[in-house]
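Following: one structure in structure tokens, then a few remarks.
Counting starts at 1 for both ligands and their atoms, following the listed order. Since we're looking at a predicted model, the values are computed, not measured.
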Amino acid sequence: MHASPLTELLGIDYPIVQAGMTWISRYELAAAVSEAGALGVIGSGGMEAEELRIEIRALRDRTSRPFAVNVPLVNVRPDGDDSIVERLIDVVVEERVPIVITGAGSPKRFTPRLEAAGSIMIHVVPSVRLALKAEAAGVDAIVAEGFEAGGHIQSDGLTTFALIPQVVDAVSVPVIAAGGIADARGIAAAIALGAHGVQLGTRFIATTECNAHRACKDALSAADAEGTAVYSRAWHASRALATPVVRRMVAMEAEGCDAEGIRAVRGRGRAREGCIEGDLVEGILPAGAAVGLVREVVPAAELVAELVRGYEQWIAELPRSLEARRHNVA
Ligand SMILES: Cc1cc2nc3c(=O)[nH]c(=O)nc-3n(C[C@H](O)[C@H](O)[C@H](O)COP(=O)(O)O)c2cc1C
């Protein structure tokens, strides 16, 4: 894979970002990915500030390569405390984290401080409108995340295929494509659409170093193309593995249940139950629409190497396969 404005900006070998994932992207996974030449990301959602500090230091014991911390900007704790975001940003600044990825909220609040601290700032958006806002707020790169993505999505959001070229045309900072990318073909498609790099979440859960419960990794490997569902469309819409509780919420919405009713079922702590405790009945495991492409659990370095190798092979064979298709059509 060639150097690009993104690899140069981030100081990484390959323009592949392992997505920040609440509960299940800790230092073991992030360090393994960064050490393999891609960008490892610690997901700070669900963490206390001091827990994040310990994670950052543990990662630094394992690798000296660039890494990022993902900070969801809307993060209200069960007791209603929303100051956690400030405290997580304090730690990121104090620990001189080189790259910060924010999402779910406005980056404007934090860009001056993070810039002054020397961090590169990346913001996740689901639309062209929010990409333009993020660029105006001064971020260095954008993750454009389509409707296929695992986790929080925009309920009427564009698909990755439609979103990426429109964001690429609208902004001048590097664009990272996310949502429904799980193998080398997806990477090649994203690059063809004009993206400078890709962010993969679901595929990285099925790695040895990910701290998700073994039952989650097995469930992802077994899931087919209909394996995920979008639920809670009226209140922080999300895509997750279609576990019984997720199916229950989808059915309730189809019968006209309002956001308040869904919120009561969704409650708090179900993602933790799903991801960490492996409860795939009452728990939630966020996952993207390309889950059917996840077949096996592999070490993260192997996954990065396979994505790079597969991409290179795809590009090398492109002229021949286009030629073959031209003859088939004729
Ligand atoms: C289990 C899980 C947890 C996630 N948690 C976060 C998060 O805390 N912050 C965030 O910005 N995105 C989060 N996401 C979205 C990912 O960062 C990423 O953009 C998405 O997974 C890409 O789609 P894919 O899963 O189809 O690869 C999460 C996704 C998953 C699957």
Can you find a non-hydrogen atom of [X] under 4.0 Å from ligand 1?
X: Gly103; result: no
X: Gly43; result: no
X: Pro72; result: yes

Considering non-hydrogen atoms of the protein only, which is the closest contact for [atom], and what is the distance?
atom: atom 31 (C) of ligand 1; answer: Pro286 O, 3.3 Å
atom: atom 12 (N) of ligand 1; answer: Gly20 O, 3.6 Å
atom: atom 29 (C) of ligand 1; answer: Gly150 O, 3.4 Å
atom: atom 22 (C) of ligand 1; answer: Gly179 N, 3.8 Å
atom: atom 24 (P) of ligand 1; answer: Thr202 OG1, 3.6 Å
atom: atom 4 (C) of ligand 1; answer: Met21 CA, 3.5 Å
atom: atom 16 (C) of ligand 1; answer: Ala19 CB, 3.5 Å

Scan side-chain atoms only and decide if [X] and [Y] contain a donor-acceptor pair under the 3.5 Å cut-off.
X: Thr63; Y: Glu35; answer: yes
X: Arg247; Y: Thr243; answer: no
X: Ser127; Y: Gln154; answer: no
X: Ser238; Y: Arg266; answer: yes

Have a look at ligand 1 and work out which part of [X], if any, has a heavy atom under 4.0 Å from it: side chain, backbone, both or neither.
X: Thr22; value: both
X: Ile24; value: side chain
X: Ala149; value: both

Non-hydrogen atoms of Ile284 and Ala240 that approach each other most closely: CG2-CB, 3.8 Å

Closest candidate by heavy atom, reference [atom], pool [options]:
atom: atom 19 (O) of ligand 1; options: Glu148, Glu145, His152, Arg239; answer: Glu145
atom: atom 11 (O) of ligand 1; options: Ile122, Val17, Ile181, Asn70; answer: Asn70
atom: atom 21 (O) of ligand 1; options: Cys216, Gly146, Ala178, Gly201; answer: Gly201

Salt-bridge criterion met for Glu306 and Arg203 (N-O under 4.0 Å): no

salt_bridge(Asp218, Arg214) N-O dist < 4.0 Å: yes

Side-chain donor or acceptor of Ser321 paired with backbone N/O of Leu318 under 3.5 Å: yes

Check: Val265 main-chain N/O paired with Arg270 side-chain donor or acceptor under 3.5 Å: yes

Charged tip of Arg239 within 45° of Phe147 ring normal and under 6.0 Å: yes

N or O pair under 3.5 Å between Gly180 and ligand 1: yes

